[in-house]
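This report refers to the structure that appears directly beneath it.
Below, read A as the first sequence line, B as the second, and so on, with proteins coming before strands; counting in each chain starts at 1.
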Number of protein chains: 2
Amino acid sequence: MSAIRYVLLTLLVREPLSGYDIKQQMNSRIGPFWKVGSNQIYPTLSKLRADGYVKLQGVKLHEYRPARKLYEITEQGREALKQWTVESGGLGTIRDELLLKAYNLWLVDPAKMIVRVEEIKKQHEGILADYLAKVEELKPLRDSRLKMDPISSSVAVVEFGIQYEKLYIDWCNRLLAGMGDD
Amino acid sequence: MSAIRYVLLTLLVREPLSGYDIKQQMNSRIGPFWKVGSNQIYPTLSKLRADGYVKLQGVKLHEYRPARKLYEITEQGREALKQWTVESGGLGTIRDELLLKAYNLWLVDPAKMIVRVEEIKKQHEGILADYLAKVEELKPLRDSRLKMDPISSSVAVVEFGIQYEKLYIDWCNRLLAGMGDD
DNA sequence: AGCGTCATGTAAGGAGTTACATGATTTT
DNA sequence: AAAATCATGTAACTCCTTACATGACGCT
């Protein structure tokens, strides 16, 4: 079973969601770690349902504007997700154009590259600010009685994001220092 | 023009290479930042050649065992690469299964997850060691007369890798501390 | 009436993964 | 003689990206 299916189950194990909800949560929560479009979400939900990992909780016409299909994880889906989580998987990859472009720093006009790096740095500063806001929002929601609750797990992931963005911004600064007047 | 084409040009702008060489350099140099297989390399080289971005330097039957096609970047290829390097591009994504799995920490048996995290941590320690060795190997090769030479650009990228692996290992340690006996 | 957002989906095409095919040379 | 490595490629399949299509509801 492919990774996207587990991505959806990862969200559905916490609460029943519609395809649209999943798309929203992808953009905000899982954001830069994994991106999924509606073209993948809807067919994947159908397949998960056909295989018995999720079921339709009901299509609610009332309360919501257009019909909204709420999907709920099944016991089978929950077990499959638990197993996948503790299974070994391959190493990840960082797919970042700037990292590739940095190999060509020596080739190009530093002035032009400085503009580009500053631009990307600003974008990462924006993401960092979002993560910091999110972690502050999540922290008080943690269930202190449990060692590991869903919120704490989310916090752990967002904290990775925070550290990553900080390192990215630092790296941009070092690049800029190396290209600037020295 | 797509990203893989620039990946190949990024390597070819430094020295003429064969498809096989490119694959080797991918695994070692660009490694975890961008992965490309032979199925993408050979057709892409053909397309780049058809479009005039690279040319065949000659097929050397002597000196090498099987026939080895050496590709060389053209002036057109060099200009295209320079332009792409200073162009703006989208944000990168980290595609890492453990990051996704961490969302499900609360779901699973901590003992099983500890084994998994320790395993992945060890892999990252190995990559870090490789990067550290590589940077020490590259540093003395830098051309100190230039502000930016190809080696310095490579060093900048590897240094990103070093910082990333350190952060990953730290994050694994924090996860383990959170799951362990406390 | 028109625009924005909610909500579900499809189409087309390129990118990426895993595996296989072929054949020469070098090492054990 | 067999196995490993060098070297070029193809095949099949899944994934991912960008864009489009459809329609209801809510606001101005």
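- The nearest whole Å value for the distance from the NZ atom in K23(B) to the P atom in dA19(C) is 13 Å.
- Between the CZ atom of R68(A) and the P atom of dT8(C) there is a distance of 7 Å, given to the nearest Å.
- Legend: residues meeting salt bridge (Lys or Arg N to Asp or Glu O under 4.0 Å) with D96(B), ordered by chain and number and at least two apart, are absent.
- For S2(B), the listed nucleotide lying nearest its side chain is dA15(C); candidates were dA15(C), dG9(C), dC15(D).
- For D149(B), the salt bridge (Lys or Arg N to Asp or Glu O under 4.0 Å) criterion is met by no residue, not counting sequence neighbours.
- No continuous path of ILVMFWY side-chain contacts below 4.5 Å connects M26(A) to Y20(A), so the two sit in separate hydrophobic clusters.
- By the side-chain hydrogen bond (donor to acceptor under 3.5 Å, both in side chains) test, D109(B) is found to be paired with no residue, residues two or more places apart in sequence or in another chain being considered.
- Counting to the nearest Å, the P atom of dC16(D) and the CH2 atom of W34(B) are 14 Å from each other.
- D51(A) meets the salt bridge (Lys or Arg N to Asp or Glu O under 4.0 Å) test with R5(A); sequence neighbours excluded.
- Taking atom CD of E97(B) as the reference point, atom P of dC15(D) lies 12 Å away to the nearest angstrom.
- Summarising the geometry, the separation between CG on L100(B) and P on dC15(D) is reported as 14 Å, rounded to the nearest angstrom.
- Listed by residue number, the members of residues 7-20 of chain B with any heavy atom below 4.0 angstrom from DNA chain D are S18(B), G19(B), Y20(B).
- Residues satisfying the ring pair (Phe, Tyr, Trp, His ring centres under 6.0 Å) test with W84(B), not counting sequence neighbours, are Y6(B).
- The side-chain hydrogen bond (donor to acceptor under 3.5 Å, both in side chains) search around N39(B) returns none, not counting sequence neighbours.
- Straight-line distance from the CZ atom of R95(B) to the C1' atom of dG16(C): 10 Å, rounded to whole Å.
- End-to-end axis angle of the helix from dA1(C)-dT28(D) to dT28(C)-dA1(D), using five pairs per end and rounding to 10°, comes to 20°.
- Atom CD in Q24(A) sits roughly 10 Å away from atom P in dT8(C) (whole-Å rounding).
- When the side-chain hydrogen bond (donor to acceptor under 3.5 Å, both in side chains) test is applied to N173(A), the partners found at least two apart in sequence or on another chain are K121(A).
- Not counting sequence neighbours, the partners of S154(B) by the side-chain hydrogen bond (donor to acceptor under 3.5 Å, both in side chains) test are R14(B).
- For the pair W171(B) (side chain) and A156(A) (backbone), a donor-acceptor distance under 3.5 Å is present.
- Between the CD1 atom of I4(B) and the C1' atom of dC16(D) there is a distance of 13 Å, given to the nearest Å.
- Contacts of D130(B) classified as salt bridge (Lys or Arg N to Asp or Glu O under 4.0 Å), with partners at least two apart in sequence or in another chain: none.
- Between dG9(C) and K69(A), a contact under 4.0 Å exists linking OP1 or OP2 to a side-chain N or O.
- Near DNA chain C, defined here as any heavy-atom distance below 4.0 Å, the residues from residues 35-54 of chain B are K35(B), N39(B), Q40(B), listed numerically.
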